[in-house]
Amino acid sequence: MTSSPRRSQVAGVRATGTGEAAAAQWRPSLPLAAGSKPPQHLADLAPAERRAAVAALGEKPFRAEQLARHYFTRLTTDPAAMTDLPGPTRDRLAEALLPTLLTPVRTVTCDAGETRKTLWRGLDGVLVESVLMRYPGRTTVCVSSQAGCGMGCPFCATGQGGLQRNLSTAEIVEQVVAAERTLAAGDLTPDGSADPAHVSNVVFMGMGEPLANYRAVIGAVRRLTDPAPHGLGLSQRTVTVSTVGLVPAITKLASEGFSVRLALSLHAPDDELRDTLVPVNQRWPVKQVLGAALGYAEHTGRRLSIEYALIDDVNDQPERADHLARLLRGRPAHVNLIPLNPTPGTSWQASAPEGQREFVRRLRLAKVPTTVRDTRGREISGACGQLAAVG
Ligand code: SAH
Ligand code: SF4
């Protein structure tokens, strides 16, 4: 469903309960050189590592759990709020393990406030974006895993800027914690009828290729899904990792014992076209990437999601729909068609409505479950492939 531009309201910097407006006006002198690794944060560490880190600071290891509860459950990094910790201890622990990694630069909203894109600045100045979307009965946050992306898909705004650097585990987790704070403050729903008041789904579909930043992404999945107080306590089944198809990393992911959903950005059923739309296909062609992704689906029992951006006269021909159907018929997969979102770098257009309808019809005729994704966030350049993080 395309949201009506009339409902769009680019709000610029909004005053919120999270102090975003004040932070947005604050122009920090950047404490780290461009491309530097961010400092260590509690959310980078597994529970045992946190205890060790706290002990190394001369504090009792059980303090680690108290600190984690403040961060993941109470959503605070403010030592003054940590009244169950002795004064000097809170200051020392918060300073060492809860640095502010991302500062909000700008927030824009549309869909009557139910879609909200935030531009963040890292300590070294890199810019990334995340998008929070409220739907009936669920609230999804779309997170970035890298600043920029090195995969060079020509239809994607993120790819057009190249890769700046990988995000750390904590920088990824921070995007979700910030979303939780927004929801807790009631800022996503101006009418105050927040439903639900927590993030229910996380999709790694923001900037970057998550499997090119494997270790940090796996750490983030653990922090998001570890039960409280060690993590945010989300169900793994509501986390989706989207990839262009880095085959060794897909195979490795299958061995982690997760039940997260995998989305494969296929965009073409044949190597000739996919080589141009998704350049990494030259390394791992369709047959190999689909084999690995379906292997993941069989191993985890989670249906594979095939992402396919419909581009007018490029990949939306009826014979390509039939080819895709032959690849997927009877397999544990469903197709999620994404009407191409406009990006500055290409003149490609989304498929015409008849082309899209015919594509859907042919897939369904072959009994391949098919849905068309809504274009949430398009008018604030917050939809799939539009995140470019321009300050
Ligand atoms: N790098 C990962 C995840 C981020 S992109 C990946 O490519 O899968 C998230 C999704 O948006 C992917 O399916 C991607 O192919 C799609 N996408 C990129 N640019 C797009 C555009 N202009 N219109 C529609 N979808 C796009
Ligand atoms: Fe990177 Fe995904 Fe964009 Fe391709 S579509 S350039 S992999 S973010």
Side-chain angles (χ1 to χ4, degrees), residues 2 117 128-131 133 140-167 172 175 202-214 216-217 220 239-247 249-250 253 260-268 273-284 289-290 292-293 296 304-312 314-316 334-351 356 371-379 381-389:
T2 306
K117 178 173 85 164
V128 295
E129 292 179 316
S130 59
V131 186
M133 291 160 283
T140 298
V141 57
C142 175
V143 296
S144 293
S145 56
Q146 299 182 306
C149 183
M151 297 293 145
C153 309
F155 53 89
C156 169
T158 307
Q160 282 152 18
L163 175 68
Q164 280 90 61
R165 70 164 167 83
N166 281 335
L167 298 190
I172 299 168
Q175 296 169 55
V202 175
V203 296
F204 284 82
M205 293 189 182
M207 298 171 70
E209 165 50 42
L211 295 189
N213 185 16
Y214 188 85
V217 166
V239 174
T240 301
V241 174
S242 177
T243 179
V244 270
L246 310 186
V247 166
I250 294 175
L253 188 66
V260 301
R261 185 189 287 282
L262 187 68
L264 174 64
S265 295
L266 198 62
H267 306 308
L273 180 59
R274 193 167 191 267
D275 277 352
T276 64
L277 294 181
V278 183
V280 78
N281 193 68
Q282 294 161 29
R283 178 82 194 276
W284 292 292
V289 81
L290 204 53
Y296 178 90
L304 175 67
S305 183
I306 298 286
E307 311 291 291
Y308 198 109
L310 277 177
I311 314 174
D312 189 35
V314 173
N315 66 352
D316 64 348
H334 83 273
V335 175
N336 199 208
L337 298 170
I338 317 170
L340 186 79
N341 290 307
T343 63
T346 79
S347 53
W348 283 338
Q349 304 285 325
S351 299
Q356 177 176 310
T371 48
V372 179
R373 176 168 308 162
D374 69 12
T375 52
R376 263 297 174 107
R378 192 186 257 190
E379 58 274 40
S381 291
C384 295
Q386 292 186 309
L387 303 185

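Here the structure is a predicted model, which means the values were calculated and not measured. We count ligands from 1, going down the list as the structure has it; atoms in each ligand are counted the same way. All values below were derived from every heavy atom in this structure, side-chain atoms included, with hydrogens, water molecules and symmetry-related copies excluded.
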Worksheet item: Val314 pairs by side chain to side chain contact (heavy atoms under 4.5 Å, CB included) with which of Asp316, Leu310, Ile311?
Response: Ile311
Practice prompt. Would you mind listing which atoms of ligand 1 come within a distance below 4.0 Å of any non-hydrogen atom of Phe204?
Written response: 3 (C)
Worksheet entry | Short N or O distance, Pro339 and ligand 1, threshold 3.5 Å exclusive | no
Discussion item. Going by the closest heavy atom to atom 5 (S) of ligand 1, which one wins out of Arg378, Gln146, Met205?
Written reply: Met205
Discussion item. Just to confirm my output: which protein heavy-atom neighbour is closest to atom 19 (N) of ligand 1, and how far is it?
Written reply: Gly385 CA, 3.0 Å
Discussion item. Only heavy atoms of Gly159, strictly under 4.0 Å: list the atoms of ligand 2 that pass.
Written reply: 6 (S)
Worksheet, complete the sentence: Here the pair of heavy atoms bringing Ser351 nearest to Gln356 is CB-N, 4.2 Å
Practice prompt. Without swapping roles, check the side chain of Gln146 against the backbone of Leu163 for a donor-acceptor pair under 3.5 Å.
Written response: no
Discussion item. Quick one: does any side-chain atom of Gln175 pair with a main-chain N or O of Ser144 as donor and acceptor, under 3.5 Å?
Written reply: yes
Fill in: Atoms of ligand 1 close to Glu307 [distance to a heavy atom under 4.0 angstrom, numbered from 1]
13 (O)
Response to the item:
Note: Ile250 and Leu262 closest approach over all heavy atoms is CG2-CD2, 3.9 Å
Worksheet item: Can you find a heavy atom in the side chain of Leu387 that is under 4.5 Å from one in the side chain of Lys117?
Response: yes
Worksheet item: If hydrogens are left out, which of Ala309, Cys149, Pro279, Gly162 has an atom nearest to atom 1 (Fe) of ligand 2, that is, the closest non-hydrogen atom?
Response: Cys149
Discussion item. My understanding is that we take every heavy atom of each candidate and find the minimum distance to atom 3 (Fe) of ligand 2. Doing that for Gly161, Gly152, Cys384, Cys156, which one comes out nearest?
Written reply: Cys156
Fill in: Thr158, portion touching ligand 1 at heavy-atom distance under 4.0 Å
neither
Worksheet entry | Approximate separation, where rounding is to 0.5 Å, of Arg274 CZ and Cys153 SG | 8.5 Å
Worksheet item: Under 4.5 Å between any side-chain heavy atoms of Thr343 and Cys156, yes or no?
Response: no
Worksheet item: Which atoms from ligand 1 have a heavy atom of Thr243 less than 4.0 Å away?
Response: 8 (O)
Worksheet item: Can you find an N or O of Leu340 that's nearer than 3.5 Å to an N or O of ligand 1?
Response: no
Worksheet item: Hey, are Thr243 and Glu209 close enough side-chain-wise for a donor-acceptor pair under 3.5 Å?
Response: yes
Worksheet item: Can a non-hydrogen atom of Gly208 be found less than 4.0 Å from any atom of ligand 1?
Response: yes
Worksheet, complete the sentence: Among non-hydrogen protein atoms, atom 15 (O) of ligand 1 lies closest to His267 NE2, 2.5 Å
Item to complete: Please write down residue, atom name and distance for the protein heavy atom closest to atom 4 (C) of ligand 1.
Response: Gly206 O, 3.3 Å
Discussion item. Taking Pro342's backbone N and O only, do any of them form a donor-acceptor pair with Gln386's side chain (distance below 3.5 Å, no angle check)?
Written reply: yes
Worksheet item: Of all the atoms in Cys153, is at least one N, O or S atom closer to atom 4 (Fe) of ligand 2 than 2.8 Å?
Response: yes
Discussion item. Is there a polar contact, in the sense of an N or O pair closer than 3.5 Å, between Asn341 and ligand 1?
Written reply: yes
Worksheet item: Nearest protein heavy atom to atom 21 (C) of ligand 1, by residue and atom, and its distance?
Response: Cys384 O, 3.3 Å
Worksheet entry | Heavy-atom pair with the smallest gap, counting every atom of Ala220 and Phe204 | CB-CZ, 4.3 Å
Worksheet item: Does Val203 offer a backbone N or O that forms a donor-acceptor pair with the side chain of Thr240 under 3.5 Å?
Response: no
Fill in: Side-chain donor or acceptor of Asn315 paired with backbone N/O of Ala309 under 3.5 Å
yes
Item to complete: Would you mind running through ligand 1 and noting each atom that sits below 4.0 Å from a heavy atom of Val244?
Response: 7 (O), 8 (O)
Item to complete: Specify side chain, backbone, both or neither for Met207, according to which of its non-hydrogen atoms lie closer than 4.0 Å to ligand 1.
Response: neither
Item to complete: Could you establish whether Gly208 and ligand 2 come within less than 4.0 Å of each other, counting only heavy atoms on the residue side?
Response: yes
Discussion item. Checking a contact table here: which protein heavy atom is nearest atom 7 (S) of ligand 2, and how many Å away?
Written reply: Val244 CG1, 3.3 Å
Response to the item:
The protein heavy atom nearest to atom 13 (O) of ligand 1 is Ser265 OG, 2.7 Å
